[in-house]
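First comes the structure, then the notes that go with it.
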There are 2 protein chains.
Amino acid sequence: MVDPKGLASTASTDADAIDELRAQWHRERPDMDAASLDAMALVGRIKRADHLLSKGMKPIFAEHGLEFPEFDVLATLRRVGAPHELTAGGLLKSAMVTSGAITNRLDKLERKGLIERRPDPSDRRAIRVRLTEAGRELVDRAVVDHVANEERMLGALSAEERGALDGALRRLLVSLGDTHLG
Amino acid sequence: MVDPKGLASTASTDADAIDELRAQWHRERPDMDAASLDAMALVGRIKRADHLLSKGMKPIFAEHGLEFPEFDVLATLRRVGAPHELTAGGLLKSAMVTSGAITNRLDKLERKGLIERRPDPSDRRAIRVRLTEAGRELVDRAVVDHVANEERMLGALSAEERGALDGALRRLLVSLGDTHLG
DNA sequence: GTCAAGTATCTCAACATTGAGAGATTGGGT
DNA sequence: ACCCAATCTCTCAATGTTGAGATACTTGAC
């Protein structure tokens with residue numbers, strides 16, 4: 001078992017699944033240098049963290065009769081402010097999915113009466129998607145439970161650790177060009 | 001526009017899409033406290049980082065005729081070492097997907113001649129999945145390009161930043177119980 | 001030994017997404 | 001005015017995943 005971070009004497013640093021993965025690659029492919037393995041480990045940790053956090057969110061959304069894709073649309077409409085309206089294209093870019101996925105999400109939400117579609121008065125190719133009263137009430141309730149759950153899942157990290165993590169991720173995102181929602 | 005990190009005077013810190021999202025929520029729901037918004041932002045950054053990194057990996061896998069799910073299985077078998085063999089259950093736990101997904105992945109890889117399924121001699125419920133020679137050669141080639149690409153995508157971060165990010169993510173993962181691959 | 005509970009894999013329907021493409025509309029250049 | 005490229009949304013087949021259930025086998029308690 002390698003100790004890539006040189007922290008064997010630091011009792012507070014426990015190993016995670018990715019340390020195991022890195023050690024396996026190091027044993028099997030000793031030709032890969034440390035920087036490569038570190039990159040692989042970091043990307044792997046981001047993926048696994050996303051996976052576990054997403055899994056932990058599901059039950060909260062389910063309590064409100066939603067799944068993440070639906071909540072994502074409702075929350076996007078909610079946070080742009082009254083009249084809680086965007087075009088399908090605006091939603092698409094914010095959600096980072098393709099147009100087919102947005103059509104599907106809107107169909108589901110429309111059937112539930114949480115959003116309405118109306119023609120865009122200034123561009124007849126576009127539609128305007130708007131939260132219904134029921135939709136606004138639901139997302140306003142759901143978001144409170146959702147963020148409380150997120151805080152709970154991050155509970156093991158101190159404010160300093162969260163700040164460091166957040167700052168480094170912001171720099172990564174900026175470098176990947178993720179500078180705008182729409 | 002809020003400045004949640006108090007870094008307005010630090011010219012080197014650019015805003016990303018999540019800063020925009022946070023500002024929108026702050027304006028629309030001033031009742032949500034800073035810690036809640038910070039948690040939402042951090043989780044959002046992890047999700048967006050995963051999404052962008054995953055998207056950036058696709059073309060590399062495609063160059064080798066693979067998609068991520070297939071590469072994931074091949075890489076898991078490769079890194080356990082000779083004879084590059086695991087049960088379907090072992091693969092399932094490492095990949096964090098359900099049994100149906102693993103069956104599907106193995107079917108595809110078997111059709112391509114990259115893995116073989118044989119009965120487990122010591123447990124007749126189980127199957128042993130093994131890299132073929134073609135599978136081992138392919139994954140050994142693909143992994144080199146893959147990690148080079150990962151390094152490239154992380155290129156904007158200094159070694160110190162990567163270390164801080166990695167360390168904080170490890171602590172998060174450990175706190176979420178992600179301590180073993182299998 | 002027998003039986004119940006647990007485990008390993010596969011099957012299958014439901015669902016979300018992608019990616020290519022169609023249809024309608026817009027807008028700039030000529 | 002006209003055209004052509006770009007834009008906006010929807011459609012649809014293909015793909016991958018989940019989650020429940022079926023089947024076969026193993027294990028431990030009695």
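Here is the naming used below: chain letters follow the sequence lines, and residue numbers restart at 1 for every chain.
Contact annotation for B:K58: backbone-only contact, meaning every heavy-atom pair under 4.0 Å involves sugar-phosphate atoms and none involves a base.
Contacts between residues 64-89 of chain A and DNA chain C, counted as heavy-atom distances below 4.0 Å, involve A:P69. For the contact set between residues 99-118 of chain B and DNA chain C, defined by any heavy atom under 4.0 Å, the members are B:S99, B:G100, B:T103, B:R117.
For the pair B:K112 and B:E70, the minimum side-chain heavy-atom distance is below 4.5 Å. Within the 4.5 Å cutoff, the side chain of A:I127 has no heavy atoms near those of the A:D120 side chain. Under the 4.5 Å side-chain criterion, counting only non-hydrogen atoms from C-beta, B:V139 is not in contact with B:H84.
Side-chain atoms of B:N149 come within 3.5 Å of backbone atoms of B:G56 as a donor-acceptor pair (strictly under, hydrogens ignored). Under the 3.5 Å distance criterion, the side-chain polar atoms of A:T76 are left unmatched by any main-chain donor or acceptor of A:L91. Judged by distance alone, the side chain of A:S36 and the main-chain N or O of B:V147 form no donor-acceptor pair under 3.5 Å.
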Could you go through nucleotides 24-28 of chain D and list every protein N or O atom that sits under 3.5 Å from one of its N or O atoms, giving the distance for each pair?
unit_1, atom_1, unit_2, atom_2, d
D:dT26, OP1, B:R124, N, 3.2

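Taking the charged nitrogens against the carboxylate oxygens, B:R128 and B:D123 have no contact shorter than 4.0 Å, which rules out a salt bridge. A salt bridge links A:R22 to A:D38: at least one charged side-chain nitrogen sits closer than 4.0 Å to a carboxylate oxygen. Ion pairing between a basic and an acidic side chain is recognised when a charged N comes within 4.0 Å of a carboxylate O; A:D178 and A:R170 show no such pairing.
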(message) If you apply the rule salt bridge (Lys or Arg N to Asp or Glu O under 4.0 Å), what do you find for B:R152 with B:D145, and how did you get there?
(response) CA-CA 10 Å; B:R152 180 188 60 76; B:D145 292 346; over 6 Å; no
(message) Before you tell me yes or no, could you show the steps for B:D19 and B:R45 under salt bridge (Lys or Arg N to Asp or Glu O under 4.0 Å), namely the whole-Å CA-CA distance, both residues' side-chain angles and the distance that decides it to 0.1 Å?
(response) CA-CA 10 Å; B:D19 283 324; B:R45 286 195 167 96; 2.9 Å; yes
(request) Start with the C-alpha distance between B:R48 and B:D16, add both sets of side-chain angles, then the distance that settles salt bridge (Lys or Arg N to Asp or Glu O under 4.0 Å), and finish with yes or no. (result) CA-CA 11 Å; B:R48 269 181 108 90; B:D16 67 356; over 6 Å; no
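Between chain B and DNA chain C, the heavy-atom contact criterion of under 4.0 Å yields a 5' to 3' nucleotide range of C:dG6 to C:dG19.
Looking at every heavy atom in both residues, B:A15 comes nearest to A:V174 through O-CG2, 3.8 Å. When every heavy atom of B:M153 is checked against every heavy atom of A:S175, the shortest pair comes out as O-OG, 4.4 Å.
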(message) As a check on the pairing definition, encode DNA chain D in dot-bracket form, counting Watson-Crick and G-U wobble pairs whose two distances are under 3.5 Å, and using | for partners outside this strand.
(response) ||||||||||||||||||||||||||||||
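Every salt bridge (Lys or Arg N to Asp or Glu O under 4.0 Å) that B:R136 has, sequence neighbours left out, goes to B:E133, B:D140.
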